[in-house]
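These notes concern the structure reproduced below.
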Amino acid sequence: MTKNFIENAMALLDHGEIIYKRFCARVLSFDGVIVTCSTVPCGVGSICSVVHESGSSVTGEVVRVFEDRISIIPHDTNFPILVGQKVFLKDETQNISVGPELLGRAFDGMGNSIDEGPLLNLTSKYKLSGDKLNPLERRPITEIFDVGVRNINSLMTIGKGQRLGIMAGSGVGKSVLLSMVAQKSSADVVVIALIGERGREVASFTNEIFTSHSKDKAVVIAVPADNSPLLRIQGAKRATAISEYFRDQGKDVLLIMDSLTRVAHAQRELGLALGEQPTARGYPPSVISLLPNLIERTGNSKASSGTITSIYTVLADGDDVTSDPVVDTARAILDGHIVLERTLAQQGVYPAIDVTKSISRIMNDICDENHIKNSKILRMLISKYQDNYDLLMMGGYVAGQDQDLDLAIRAWPSIVNFLMQSQKETSTFGDSLDALNRLVASL
């Protein structure tokens, strides 16, 4: 390292282009994922910057602390890191800047604007990892949350503050369903986290949201698949922290995260790089602990009248919605799940929700008896028809053997029409309930 390098780094400090608290250390090694540098008094989660001779720098997060060294994972894996480079401590506590000015904007995992909008002057700070809530201080879920989708409103009603999962394989319509909910829901604020998705899909989804009437109430955090695993996790935490801020302002917030599986994949990459032992399907233990820590930050709190209703998409590898570790963990933590069925999508039924495998654990607590009764009747008929579908296609069923199945067969065209909804159509909770009551009354 030359004298000019030290002078350049100090000049950057003096001019405020890079703000560091103190000189930190030197790079000792870099294996392509983890930067090892000499020790400094900081903890796991601290943010450091590695400075190149040219004056450019890259930030990274401290992930491991030893007596004589620390390990840092950089946010940009393409940055040229060399042995001997200077490392500066930038931030010991990870806080993010929040404010109402975030609405209508899109950001990356580090909070940098990606929509070419004006710079924001945000004065409020929130912890990136949030604060734990006392479970006894959570307000119960008592109000219905209108998502604007007839199938969900009527057969698996969601409450304000509920946590829900949308589970399916790839290409079954998860993103389309999320787009419908984001644009049609009754939420005051919609926070959308696009984690680990394709860059084309990120651009398309963001443009669709911002060209709709929901732009002024939406915030997008986009971290595509080509970003480092650390940034993907940061993006999920940032979106949750922004949701917490608006909840504390008394808003009804809808947090949409697409997808929770990509967050788990990012943590798997980090865990394996740090030497954790892989368990089920290669997922280390840190993945199973990350998911509940992230999900439990949402919901209702006693401190304010606001709510966070969260919807997470969960990618089921090979359409396996029963034994996949992430799917299984999410199903156990969440307050309900919606399963999308590829067979329905192939038949042109959109949204392709498998009613028989989907459930809302809150529905019985917030809906009246007549609503619950009619939803059970329709669920029974759908189950009857689907269970006997192969038999019906082979012509092996004779009418009159099962009255419920006979009723399901007669009503099936009307049921399919009820289940289908175009992307541009909006069905409020009242409209959905009226349609359910009319359908059941016509049977």
Side-chain angles (χ1 to χ4, degrees), residues 93-115 117-148 158-164 178 181-195 206 209-210 212-222 234-257 293-312 335 362 366 429:
T93 59
Q94 293 195 55
N95 295 322
I96 69 167
S97 298
V98 292
E101 298 86 355
L102 294 173
L103 296 176
R105 302 295 303 275
F107 305 90
D108 63 12
M110 292 297 294
N112 302 313
S113 172
I114 58 174
D115 59 5
L119 293 176
L120 300 179
N121 183 22
L122 305 173
T123 56
S124 300
K125 298 289 184 180
Y126 262 63
K127 291 182 180 179
L128 183 67
S129 298
D131 293 317
K132 287 189 176 181
L133 294 175
N134 185 338
L136 298 181
E137 293 183 353
R138 287 186 182 271
R139 290 183 292 105
I141 298 174
T142 58
E143 297 181 63
I144 292 172
F145 183 77
D146 188 353
V147 297
I158 300 175
K160 292 182 179 180
Q162 184 172 347
R163 288 80 60 90
L164 193 76
L178 286 182
V181 173
Q183 297 180 58
K184 305 176 191 303
S185 74
S186 60
D188 299 322
V189 176
V190 180
V191 180
I192 303 171
L194 303 175
I195 310 298
T206 303
I209 294 299
F210 284 169
S212 70
H213 66 278
S214 58
K215 173 183 178 179
D216 294 334
K217 67 175 186 178
V219 182
V220 175
I221 305 297
Q234 293 271 32
K237 292 182 177 179
R238 180 174 294 273
T240 306
I242 291 173
S243 300
E244 290 173 323
Y245 162 75
F246 284 109
R247 176 183 63 187
D248 292 345
Q249 305 304 307
K251 304 291 187 181
D252 289 326
V253 182
L254 171 62
L255 169 62
I256 293 177
M257 190 170 295
N293 287 339
L294 196 62
I295 294 171
E296 283 297 324
R297 292 170 58 183
T298 63
N300 296 345
S301 69
K302 192 176 181 179
S304 72
S305 60
T307 63
I308 301 177
T309 306
S310 53
I311 299 179
Y312 303 90
D335 302 320
I362 306 297
I366 58 177
F429 178 78

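These numbers come from a predicted model, not from an experiment. Values below: every heavy atom of this structure, side chains too, minus hydrogens, waters and symmetry copies.
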Donor-acceptor pair, side chain of Thr309 and main chain of Gly161, under 3.5 angstrom: yes
Looking at Gln162 and Asp335, would you say the former's side chain and the latter's main chain have a donor-acceptor pair under 3.5 Å? yes
Partners of Tyr245 by ring pair (Phe, Tyr, Trp, His ring centres under 6.0 Å), sequence neighbours excluded?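 Scan of Tyr245 (ring pair (Phe, Tyr, Trp, His ring centres under 6.0 Å), adjacent residues dropped) gives Tyr126.
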Taking salt bridge (charged side-chain N to carboxylate O under 4.0 Å, His left out) as the definition, give me every residue that meets it alongside Asp188, ordered by chain and number, with sequence neighbours left out. none
Does Lys237 have any salt bridge (charged side-chain N to carboxylate O under 4.0 Å, His left out) partners at least two apart in sequence or in another chain, and if so, which?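 Residues passing salt bridge (charged side-chain N to carboxylate O under 4.0 Å, His left out) with Lys237: none at all.
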Check the surroundings of atom CG in Asn121: do more than 12 heavy atoms from other residues, nucleotides or ligands lie under 6.0 Å from it? no
Quick one: does [X]'s side chain get under 4.5 Å of [Y]'s, heavy atoms only?
{"X": "Ile362", "Y": "Phe145", "value": "no"}
{"X": "Ser113", "Y": "Arg105", "value": "yes"}
{"X": "Phe429", "Y": "Val147", "value": "no"}
{"X": "Ile366", "Y": "Lys160", "value": "no"}

Taking only residues two or more places apart in sequence, or in another chain, which ones meet Ile114 in a side-chain contact (heavy atoms from CB on, under 4.5 Å)?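 side-chain contact (heavy atoms from CB on, under 4.5 Å) list for Ile114, sorted by chain: Ala106, Asp108, Ala222.
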Nearest 0.5 Å please: distance from the [atom1] atom of [X] over to the [atom2] atom of [Y].
{"X": "Thr298", "Y": "Leu133", "atom1": "OG1", "atom2": "CG", "value": "9.5 Å"}
{"X": "Ser301", "Y": "Asp248", "atom1": "OG", "atom2": "CG", "value": "5.5 Å"}
{"X": "Leu102", "Y": "Leu122", "atom1": "CG", "atom2": "CG", "value": "5.0 Å"}
{"X": "Asp252", "Y": "Ser305", "atom1": "CG", "atom2": "OG", "value": "7.5 Å"}

Candidate list Val219, Leu178, Ile256, Ile192, test side-chain contact (heavy atoms from CB on, under 4.5 Å), partner Ile209, passing option: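 It is Ile192; the other options fail the test.
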Holding to side chain to side chain donor-acceptor pair (under 3.5 Å), I want the full list of residues that pass it with Ser185, two or more places apart in sequence or in another chain. none
What salt bridge (Lys or Arg N to Asp or Glu O under 4.0 Å) pairs are there with at least one residue in residues 294-308, not counting sequence neighbours? Arg138-Glu296, Arg163-Glu296, Glu244-Arg297
With a 3.5 Å cut-off and no angle check, do the side chains of Asn300 and Thr307 form a donor-acceptor pair?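 No - no donor-acceptor pair under 3.5 Å links their side chains.
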